[in-house]
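Indexing begins at 1, ligand by ligand and atom by atom, following the structure's order. Quick note: residue numbers are just sequence positions, from 1.
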Amino acid sequence: MTIVDKLKEKLHLGGNSKSVASESPAVPPKSSASSNPAVPPKDASPVATKDSLPDLPETEVFDHEKVTVIFVLGGPGAGKGTQCENLVRDYGFKHLSAGDLLRAEQTREGSEYGDMIKQCIVEGQIVPMEVTVKLLENAMRDTLAKPPSVSSELSSAWEGGKGRFLIDGFPRKMDQAIKFDEAVCQSSFVLFIATTEEVMLERLLERGKTSGRSDDNEESIKKRFKTFEETSMPVVDYYRSKDKVVEASIDSSPPVQEVYQAVRAAIDPRLGVTAPQPVSGIPEPVAAVEPVHDEPAVLGKPL
Ligand SMILES: Nc1ncnc2c1ncn2[C@@H]1O[C@H](COP(=O)(O)OP(=O)(O)OP(=O)(O)O)[C@@H](O)[C@H]1O
Ligand SMILES: O=c1ccn([C@@H]2O[C@H](COP(=O)(O)O)[C@@H](O)[C@H]2O)c(=O)[nH]1
């Protein structure tokens with residue numbers, strides 16, 4: 001068994017993907033002074049060496065004809081998680097936050113990646129994509145094996161191997177976008193929400209009073225803004241160039257419910273949603289319907 005195989009076994013990151021690197025002889029990391037191969041030297045940007053990272057599959061693991069993936073992007077504190085909660089309730093999505101998965105892996109006992117993730121998060125840096133993509137792949141597999149309970153109107157979204165995921169805060173870097181679309185599941189579209197740095201800073205500092213997050217402080221927040229502009233906005237632009245962003249941006253400055261109205265109006269046409277039935281029972285055209293927030297969306301054909 002190679003070092004890579006052993007690491008994967010310890011990490012529970014193996015999945016059922018075809019391993020290429022694990023067949024090669026293990027090459028110990030050269031640049032890290034740490035005994036943990038995934039931890040970068042203190043003065044370097046936190047990059048793990050290729051050998052210490054999980055292998056990823058080469059072709060799509062989940063059939064995008066059955067499994068719908070929507071990426072939810074926006075700056076730190078723009079309100080992605082908040083809007084996802086609403087969408088889960090009304091559309092029967094499974095919400096997967098890349099940040100939450102990384103934080104869970106960071107504190108998982110025995111994780112070889114814990115220190116690296118911790119350092120990346122506090123520095124506002126992007127964790128090497130192999131780790132995040134594998135965590136997402138595993139979470140999707142687990143969810144499809146045990147689908148969430150949804151209302152009867154929405155149950156068809158999870159039948160016969162089908163599923164629908166909101167992947168929040170991912171992809172943050174071009175390599176992640178390309179790898180996920182190619183090897184995990186081709187994404188359907190991107191929901192992009194945006195507000196000013198001033199608003200995001202205020203929200204995050206407020207959240208930081210109770211969140212316990214190591215990056216909800218002014219120093220980390222500024223670094224996260226920089227990474228978002230330099231590394232993550234090109235991802236949004238890339239999807240925009242492929243006409244996969246629902247709107248140029250949804251302004252997330254107004255109150256939550258107002259933002260949610262804009263979110264629903266933007267995603268419904270892409271989802272093929274038929275309007276929630278009005279009291280009279282006569283369906284109205286989608287464009288004319290003011291979203292009814294407490295009613296589930298009736299989903300049309302898969303994307
Ligand atoms: N429209 C809004 N108006 C006021 N406060 C909001 C709004 N949307 C979200 N918030 C608050 O702002 C904070 C950040 O929101 P949220 O956690 O949803 O952002 P996020 O984009 O997921 O952040 P991160 O990228 O850091 O995980 C939360 O405390 C949330 O309650
Ligand atoms: O794809 C990703 C997503 C997140 N990260 C790291 O996690 C933190 C926090 O992310 P939130 O979405 O705000 O919860 C982010 O700043 C990155 O350090 C990542 O590396 N890759």
- Return the option from Gln119, Arg224, Arg172 holding the heavy atom at the smallest distance from atom 2 (C) of ligand 2. Arg172
- for atom 1 (N) of ligand 1, nearest protein heavy atom and its distance come out as Pro254 O, 2.8 Å
- Message: Quick test: of every protein heavy atom, which one is nearest to atom 13 (O) of ligand 2, and how far off is it to 0.1 Å?
- Response: Arg213 NH2, 3.0 Å
- Restricting to heavy atoms, the pick from Arg213, Arg207, Gln257 nearest atom 29 (O) of ligand 1 would be Arg207
- Task: Tell me which one of Leu102, Asp100, Thr132 gets a heavy atom nearest to atom 19 (C) of ligand 2.
- Result: Leu102
- Message: Below 3.5 Å, N or O to N or O, backbone or side chain included: is there any such pair between Arg224 and ligand 1?
- Response: yes
- Query: Taking non-hydrogen atoms only, is Asp215 closer than 4.0 angstrom to ligand 2 via side chain, backbone, both or neither?
  - Reply: side chain
- Message: Gly79 versus ligand 1: do any nitrogen or oxygen atoms come within less than 3.5 Å of each other?
- Response: yes
- Message: Judged on heavy-atom distance to atom 12 (O) of ligand 1, which of Arg172, Glu85, Arg203, Lys80 sits nearest?
- Response: Arg203
- Looking only at protein heavy atoms, what sits closest to atom 1 (O) of ligand 2 is Gln176 NE2, 3.1 Å
- Kindly confirm or rule out an N or O of Ala78 lying under 3.5 angstrom from an N or O of ligand 1. yes
- Message: I'd like to know if the side chain of Tyr91 pairs up with that of Arg264 as donor and acceptor (distance under 3.5 Å, no hydrogens or angles considered).
- Response: yes
- What residue and atom, counting heavy atoms only, is the protein's closest point to atom 3 (C) of ligand 2, and at what distance? Gly169 O, 3.4 Å
- Candidate list Asp90, Thr82, Asn86, test side-chain hydrogen bond (donor to acceptor under 3.5 Å, both in side chains), partner Tyr260, passing option: Asp90
- Task: Using a 4.0 Å heavy-atom cut-off, say whether Ser253 meets ligand 1 through its side chain, its backbone, both or neither.
- Result: neither
- Task: Please check if the distance between the ring centroids of Phe165 and Trp158 is under 6.0 Å.
- Result: yes
- Query: Phe170 and Phe180: aromatic ring centres closer than 6.0 Å?
  - Reply: yes
- Query: Would one find an N or O of Arg103, backbone or side chain, under 3.5 Å from an N or O of ligand 2?
  - Reply: yes
